[in-house]
Amino acid sequence: MKIAALGDIHGNYHALIRVLEDLENWKPDQVLVLGDLINRGPRSKDCLDLIQEKARNPHWQLIKGNHEGYVLNFRDPAYSRSGHDYQLRKVILWTFQTLTEQDIAEISRLPEEITVHLPDPAPLKAAHASTAGDRIGIYPTTPSADLPGLTPADAGAFVVGHTHQPLIRNFQGTTIVNAGSVGLPFDGDTRPSYARLTYHNGEWQAEIIRLEYDREAAEEDFFSFGFIPEGGPLAELILVELQLGWPQLGKWFKRFEQPFRQDQISLQDAVYEFLKNPNIETRNSGNRGMIA
């Protein structure tokens, strides 16, 4: 059995179509989409439509990630539409406004985990980040001592995303695979990644695939689809994330959220100040900001 796992697309349509082209050649038996199809990028609607079309095939399974949750929060008309919170979440509101009511309803029905049953008693399981929640991820540097609280005990393989940092790791009989990110890799390699898993003779083999794609077109989408400037100043940080292949939002929040909330600096000035010297130090700091 061949299983492909991809996720963290984040509205990067050009990266997504490149990965789908590669899947057409590999011909997996099942495809698992690990969440964060939308938000933190300019073409969430197009990515969602394309994945939903693929998911008409019963061999495709989808789960929701934390960014689907962020967007669903805006079903409440009173949610974060004024003050500092509004400005900090304007990217999310912009994404919400690009989607239809039917899109929102279908996103809300997505499950939070997937189980693939096999002839082997131990199934393959998948979640967006870990068994501890959709914002608590498994990084290449996660200590082995932490893994029992992040992984299922009864799985032969466990597949995740969220951190945007791919990995393959064996732990107590479980093959742990982080598929990385299609749309916003955070390991210094700007190429989209996805995971291939093969189950044969009771064993799992896994590999991470990296692909070249039209990044220039992906960058242009930030402007041609209105993500910049309509998504607010933080959308500019997301473009830098795409260009560098390193996370920026979490570091920006750590440095500037409180000064902004205390009206010591405007949001635009805080972004400009940060961008004078973007910090590309990466140590597990990519997914800790408000909209990470």
Side-chain angles (χ1 to χ4, degrees), residues 2-10 12 15 19 22-23 26 28 30-37 40 63 65-67 112-116 122-199 203-212 241-242 244-248 250 280-288 292:
K2 300 195 303 186
I3 296 177
L6 60 125
D8 295 281
I9 299 164
H10 291 293
N12 188 337
V19 169
D22 201 67
L23 292 182
W26 192 54
Q30 294 197 38
V31 179
L32 311 180
V33 183
L34 304 171
D36 282 9
L37 288 72
R40 204 165 176 163
I63 57 178
N66 55 306
H67 277 261
E112 296 182 355
E113 61 182 28
I114 295 169
T115 299
V116 178
L124 177 148
K125 294 190 174 183
H128 175 62
S130 72
T131 57
D134 65 9
R135 293 190 65 187
I136 303 175
I138 301 173
Y139 292 85
T141 55
T142 297
S144 295
D146 293 346
L147 291 176
L150 302 174
T151 61
D154 60 343
F158 184 49
V159 186
V160 296
H162 182 64
T163 68
H164 302 208
Q165 297 179 16
L167 66 85
I168 299 170
R169 189 168 177 178
N170 292 308
F171 178 73
Q172 296 183 353
T174 300
T175 300
I176 302 170
V177 180
N178 190 314
S181 173
V182 171
L184 280 176
F186 284 167
D187 61 349
D189 184 339
T190 59
R191 296 176 298 166
S193 72
Y194 79 94
R196 293 178 178 177
L197 294 94
T198 304
Y199 181 75
E203 294 184 355
W204 286 103
Q205 294 182 340
E207 62 178 327
I208 301 297
I209 305 300
R210 305 302 289 252
L211 301 166
E212 300 289 347
E241 291 180 329
L242 180 78
L244 296 179
W246 294 118
Q248 303 297 317
I280 62 171
E281 168 60 36
T282 63
R283 293 286 180 180
N284 294 355
S285 59
N287 286 313
R288 309 201 188 281

- Message: According to ring pair (Phe, Tyr, Trp, His ring centres under 6.0 Å), who are the partners of H10, at least two apart in sequence or on a separate chain?
- Response: H67, H164
- Residues V177, V160; criterion side-chain contact (heavy atoms from CB on, under 4.5 Å); working and verdict: CA-CA 6 Å; V177 180; V160 296; over 6 Å; no
- side chain to side chain contact (heavy atoms under 4.5 Å, CB included) filter on I114, not counting sequence neighbours, yields L32, Q61, I63, V116, A126
- Only counting residues at least two apart or in another chain, list the ones meeting salt bridge (charged side-chain N to carboxylate O under 4.0 Å, His left out) with R191. D189
- Message: Between S193 (side chain only) and I209 (backbone N and O only), is there a donor and an acceptor less than 3.5 Å apart?
- Response: no
- Can you tell me if K125 uses its side chain to pair, donor with acceptor, with the backbone of V159 under 3.5 Å? no
- Side chain of S181, backbone of D8: donor and acceptor closer than 3.5 Å? yes
- Item | Partner set under salt bridge (charged side-chain N to carboxylate O under 4.0 Å, His left out) for E207, not counting sequence neighbours | R196
- Message: Looking only at the side chains, is there a donor atom on one of Y194 and D22 sitting less than 3.5 Å from an acceptor on the other?
- Response: yes
- Task: Inspect the surroundings of CD in E113 and state if more than 12 heavy atoms from other residues, nucleotides or ligands are less than 6.0 Å away.
- Result: no
- Message: So, using side chain to side chain contact (heavy atoms under 4.5 Å, CB included) as the criterion, who are the partners of A132 when residues are at least two apart?
- Response: S130, I136, L150
Under 3.5 Å, which donor-acceptor pairs link side chains of residues 166-174 to any protein atom two or more places apart or in another chain?
{"unit_1": "R169", "atom_1": "NH1", "unit_2": "T142", "atom_2": "O", "d": "2.7"}
{"unit_1": "R169", "atom_1": "NH2", "unit_2": "T142", "atom_2": "O", "d": "2.9"}
{"unit_1": "R169", "atom_1": "NH2", "unit_2": "S144", "atom_2": "OG", "d": "3.0"}
{"unit_1": "N170", "atom_1": "OD1", "unit_2": "T175", "atom_2": "OG1", "d": "3.1"}
{"unit_1": "T174", "atom_1": "OG1", "unit_2": "A155", "atom_2": "O", "d": "2.8"}

- Between N66 and H128: side-chain donor-acceptor atoms closer than 3.5 Å: yes
- Task: Start with the C-alpha distance between R210 and D187, add both sets of side-chain angles, then the distance that settles side-chain contact (heavy atoms from CB on, under 4.5 Å), and finish with yes or no.
- Result: CA-CA 12 Å; R210 305 302 289 252; D187 61 349; 2.8 Å; yes
